[in-house]
Structures are given as structure tokens and as C-alpha cells.
Number of protein chains: 2
Amino acid sequence: MNIASCKDSTLILQNSNQAQFCGSGLIGVPEHSSESDERKADTNKQKRRRSKEPGEDGEDRPREHPFIVTEPGELARGKKNGLDYLFDLYEQCGKFLLEVQRIAKEKGEKCPTKVTNQVFRHAKHNGAVYINKPKMRHYVHCYALHCLDSEQSNHLRRLYKERGENVGAWRQACYYPLVAIARENNWDIEGIFNRNEKLKIWYVPTKLRQLCHMERSKECP
Amino acid sequence: MNIASCKDSTLILQNSNQAQFCGSGLIGVPEHSSESDERKADTNKQKRRRSKEPGEDGEDRPREHPFIVTEPGELARGKKNGLDYLFDLYEQCGKFLLEVQRIAKEKGEKCPTKVTNQVFRHAKHNGAVYINKPKMRHYVHCYALHCLDSEQSNHLRRLYKERGENVGAWRQACYYPLVAIARENNWDIEGIFNRNEKLKIWYVPTKLRQLCHMERSKECP
DNA sequence: ACCGAGGGCGACCAACGGACGGTGCCCAA
DNA sequence: TTGGGCACCGTCCGTTGGTCGCCCTCGGT
């Protein structure tokens with residue numbers, strides 16, 4: 001599956017540049033280290049606990065519907081959310097940031113320039129319970145492609161929908177057009193984000209930075 | 001002594017603006033709460049420990065000589081350091097930041113735009129043992145005045161030296177010209193820092209931001 | 001020789017950016 | 001009706017920005 005999605009994205013890139021991504025890239029920069037490798041037998045890392053105490057009932061909200069790959073303009077059916085909605089969440093975060101900034105200035109406090117923990121907290125307290133940090137960080141680079149080259153972003157969505165790929169595969173594929181854009185901009189991915197009015201409030205994802213670095217290294221061996 | 005230094009700085013300000021600072025400002029925004037106020041009897045805050053273990057000997061470096069108020073160009077005599085040297089430390093930090101940035105870019109890592117913990121660590125590891133975070137943060141606003149209005153900064157130094165004031169008093173006095181500059185710039189102290197090539201790598205000190213906020217509040221009651 | 005004022009900076013802390021992976025949902029069979 | 005693959009997001013972690021105040025130093029007596 002990894003290899004398949006890698007092939008796909010190489011395909012996507014073909015008409016905009018010449019480089020080969022397969023054989024490094026995603027595979028070289030694991031984002032979860034899906035290899036079990038070897039169970040480090042004596043590790044004492046405590047388990048993350050979710051299971052609620054018996055008798056204690058926290059009235060827990062059901063989780064949001066998962067995203068599916070949708071074309072631009074297409075509404076997701078059933079218990080799913082579409083990608084237009086995903087991108088709208090980023091716009092909502094931008095609005096919440098503006099509010100946090102206004103409040104901070106009013107009170108003479110430090111004024112954030114990025115979407116910080118404080119902004120997520122503000123969003124949650126103001127009813128946007130469906131926004132949370134891990135989710136937003138997970139798809140930042142997808143939103144970045146949407147902002148920087150909506151044509152290519154739309155094309156990718158249609159392609160992946162047509163093929164019946166899942167969200168994970170589409171998400172992976174979004175990296176490669178971005179790396180190509182970075183190449184065309186002297187590998188300054190930070191600058192690319194900062195120059196875009198909507199993107200500049202988001203941190204550059206670690207993995208995107210790493211992918212750019214790896215590709216650049218391959219260029220001048 | 002607080003009141004004395006407040007009087008002094010009001011005096012300094014007289015030919016550049018009209019506002020009264022006394023009665024709020026420093027006294028309203030304690031930077032250490034020099035008042036004993038009342039000993040919170042039952043507080044359990046643990047004591048900070050310095051005393052080395054008996055028998056354990058860490059070869060501890062002697063602390064740096066304290067700063068004294070010197071005129072521009074004047075070398076401190078005896079076991080003291082002058083203010084030109086203090087300001088030079090800020091320039092050194094700027095150089096260390098440039099190095100950290102170069103290394104980060106080379107390795108494709110996050111690239112700091114400000115003097116961060118990482119920069120202080122880098123400085124220390126590269127022999128600048130005399131640089132440390134609390135010291136640099138303590139005098140940032142003094143350096144800011146030096147960068148933004150060297151004339152006024154020099155004037156203040158000469159005045160305070162002449163009067164035999166100690167470093168603490170001079171340091172306090174540095175706030176007020178900065179507040180005046182902020183007023184002339186629509187209270188955008190963040191922007192004032194960011195627009196100055198040397199200053200923009202330093203965080204705006206909390207207390208300076210608070211002073212600006214308080215003065216602005218008094219303007220439109 | 002001693003003392004008190006002054007201030008340098010080690011060490012602390014809440015909160016941060018960042019990441020992982022358990023849990024529960026959903027769909028295909 | 002069941003099973004397994006997927007992904008949402010609670011929760012953790014190393015480090016940060018920010019600060020406090022202990023204790024050393026040194027000039028005055």
C-alpha cells in the first residue's frame with residue numbers, strides 16, 4: 001500500500017518535474033514507524049489509558065465522522081465528512097485565531113501569530129468541539145496544497161476518489177506536489193508557508209520539512 | 001528608592017511628552033514584588049537549593065562581575081563590567097542565533113527567528129559561558145532603548161552615572177523612554193521590536209508590554 | 001575583619017509544540 | 001451478524017519561555 005501510493009504520487013508529479021521519489025521519501029521518513037521492528041521487551045513506558053473508571057461516567061461525546069476523499073463541491077453521504085468540510089475547519093481556526101489576537105491586544109498580552117494550543121482551547125470553549133489539535137495538525141499539508149495550488153489539489157482529490165483510495169492514501173499523496181513546489185522555491189518551505197496569507201498561521205509539519213530536506217540532499221550528492 | 005527612580009524618569013521624559021507616570025507604572029506592575037506584603041505563612045513552595053553536597057565538588061565557575069552604570073565608551077574599573085559590554089553581549093547572542101539558524105537550515109530542521117533556549121545552549125557550548133538567559137532577559141529593554149534611540153540611551157547613562165545611581169535604578173529608568181516611543185507608534189511595542197533589525201530577535205519583555213498597556217488605558221478612560 | 005546591599009544566574013514551573021497508538025466505528029462479507 | 005481495517009483524538013512527553021529568589025560578592029566602615 002505504501003508503495004502503491006508512492007507510485008501514484010510520482011505519477012501526479014510527472015508533468016511538473018523530473019525527479020524520482022520512490023525508494024526514499026515516505027518510506028525513509030516513517031510517520032508512525034509502522035514496523036513493529038522488535039518488541040523492546042523491558043520497556044516500561046506506561047500505556048495510554050482511555051478506559052473510563054467503572055462507575056464513573058463522563059458523558060463522552062461520540063467522535064467525529066471520519067473523512068473520505070470527495071471531489072471539490074461534493075457532499076459526503078452517510079456517516080462521513082468530505083474534504084471541503086476539512087478545509088473549512090482550517091478557515092474556522094483562522095477565525096478563532098483572529099479572535100484570540102483581538103482579545104490579547106485588548107488586554108495587552110502576548111499576541112500569537114500561529115494557531116497555538118490557546119487557539120484550540122478558545123475554539124473548544126466557543127462551541128467548536130469538533131476541532132482538535134491532533135486532527136488539524138494531521139492534515140495541515142493537505143490544506144497547504146489546497147491553498148498553494150488548488151488546481152493540483154482538486155485534481156488529486158478527483159483522482160483518488162475515482163480510484164477508491166482511502167483518506168490515508170490521499171493524505172500521503174499530498175506531500176509530493178508540495179515537495180515539488182518547495183523545489184521550485186529554493187527549498188524554502190517555511191517561506192512558502194509564510195508568504196501565503198492563509199497558510200502562514202500554520203506550523204510547517206515536521207514530516208514535510210524532512211521530505212524536502214531529503215529530496216534536496218539527493219539533488220547535490 | 002522606588003519613588004526616587006520614578007521621579008528621575010519622569011524628569012527624563014519631560015521634554016518629549018506630557019504624561020505623568022508616577023503613581024502607577026513601576027509601582028503598579030511589580031517585577032519582583034519587592035514589598036514583603038505579608039509572609040504567606042503556610043506556603044509550601046520548596047526552597048531553591050544551591051548548597052552543594054558536602055564532598056561533591058563541581059568546580060563551579062565564579063559568577064560574572066556585576067554591571068555598573070558607565071558612560072558610552074567608558075571602561076569599567078575593578079571587579080565590574082560596563083554597559084557597552086552588556087550591549088555587546090546582545091550582539092554576540094545575535095551572532096550565535098545566526099549560527100544556529102545556519103545549522104538548522106543545513107539539517108532541514110526548524111529554524112528559530114528569536115533568541116531561544118537553544119541559542120543560549122549553543123552559546124554556552126561554544127565558550128560563551130558568560131552568557132545566560134536570565135541575565136539577557138533582565139536587560140532586554142535597556143538594549144532596546146540603546147537600539148531605538150541611542151541618543152536618549154546615552155543621555156540616560158550619563159545622567160545616572162553622574163548621580164551615582166546603581167544599575168537597578170538605571171535599568172528601571174530605561175522603561176519610560178520606551179513607553180514614550182510606544183505611544184508615538186500607536187502602542188505597537190511588538191511592531192517596534194520587529195521592525196528593528198537588531199531588536200527583532202528578542203522577545204518583548206512582559207513588564208514592558210504591561211507598562212505600555214497601563215499607560216494606554218490611562219489615555220482613554 | 002565584618003556586614004549589608006546589590007544583583008548574577010541556577011533552577012524551577014506552567015504551558016507549549018509535537019506525537020503516538022488504543023479504542024470504537026463502520027462496512028463488506 | 002461478525003470481523004478487521006482504519007482513523008479520531010485523549011493523552012503523553014521533551015522542551016520551551018519566563019521568572020524567582022538564594023547566596024555570593026564587594027565596598028564601606
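Everything numeric here is computed off the predicted structure, so don't read it as measured data. Any value given below was found using the heavy atoms of this structure, including those in side chains, with hydrogens, waters and symmetry copies removed. Per chain, numbering begins at 1; letters A, B, ... match sequence-line order.
The side chain of Lys110(A) contributes an N or O atom lying less than 4.0 Å from OP1 or OP2 of dG18(D). Using a 4.0 Å cut-off, no side-chain N or O of Asn117(B) falls inside it from OP1 or OP2 of dT15(D). Checking the phosphate oxygens (OP1, OP2) of dC8(D), no side-chain nitrogen or oxygen of Tyr130(A) falls inside 4.0 Å.
Atom CZ in Arg61(A) sits roughly 8 Å away from atom P in dG10(D) (whole-Å rounding). What separates NE2 of His65(B) from P of dC24(D) is a distance of 16 Å, to the nearest Å. dG10(C) atom P lies 13 Å from atom CD1 of Ile131(B), rounded to whole Å. Atoms CD (Glu64(A)) and C1' (dC6(D)) sit 17 Å apart, rounded to a whole Å. Here dG10(D) presents its P atom at 14 Å from CE of Met136(A), a figure rounded to the nearest Å. Separating the NZ atom of Lys133(A) from the P atom of dC8(D) is a distance of 17 Å, rounded to the nearest angstrom. In this structure, CZ of Phe67(B) is placed 17 Å from C1' of dC26(D), rounded to the nearest angstrom. Going from atom CH2 of Trp202(A) over to atom P of dG18(C) covers 12 Å, rounded to whole Å.
In this pair, Phe67(A) and Tyr85(A) present their aromatic rings tilted. The plane angle is within the 30 to 60° band. Between Trp170(A) and Phe87(A), the angle of the ring planes lies from 30° to 60°, which puts this pair in the tilted group.
Checked against dC26(D), dA19(C), dG10(C), the side chain of Lys124(B) finds its nearest nucleotide in dG10(C). When distances are taken from the side chain of Tyr203(B) to each of dG8(C), dG17(D), dG10(C), the shortest belongs to dG17(D). Listed nucleotides: dC26(C), dG18(D), dG10(C). Nearest to the side chain of Pro134(B): dG10(C). Of all nucleotides listed (dC20(C), dT15(D), dT19(D)), dT15(D) comes nearest to the side chain of Arg121(B). For Val167(A), taking side-chain heavy atoms from C-beta onward, the closest of the listed nucleotides dC16(C), dA7(D), dA11(C) is dA7(D). With dC20(C), dG17(C), dC26(C) as the candidates, the nucleotide lying closest to the side chain of Lys80(A) is dC26(C).
The backbone N or O of Arg171(A) lies less than 3.5 Å from a partner atom in the side chain of His141(A), making a donor-acceptor pair.
Counting any heavy atom pair closer than 4.0 Å across all strands shown, Pro66(A) reaches sugar-phosphate atoms only and no base atom. When heavy atoms are screened at a 4.0 angstrom cut-off, Lys114(B) is found touching no nucleic acid atom at all.
What you find for Gly73(B) and Asp84(B) is that their closest heavy atoms are N-OD2, 2.6 Å. Across Tyr203(A) and Thr116(A), no two heavy atoms sit closer than the pair OH-CG2, 4.2 Å.
With hydrogens and angles ignored, a donor-acceptor pair closer than 3.5 Å exists between the side chain of Arg63(A) and the base of dT23(C). No donor-acceptor contact under 3.5 Å links the side chain of Lys135(B) to the base of dG7(C).
Residues Tyr139(A) and Pro62(B) each lie close to DNA chain D; by heavy-atom proximity, the contact nearer the 5' end of the strand is made by Tyr139(A). In terms of position on DNA chain C, the residue among Arg209(A) and Val129(B) whose nearest nucleotide sits closer to the 5' end is Val129(B).
For the side chain to side chain donor-acceptor pair (under 3.5 Å) criterion with Tyr130(B), the lone passing option out of Gln92(B), Glu64(B), Lys124(B) is Gln92(B).
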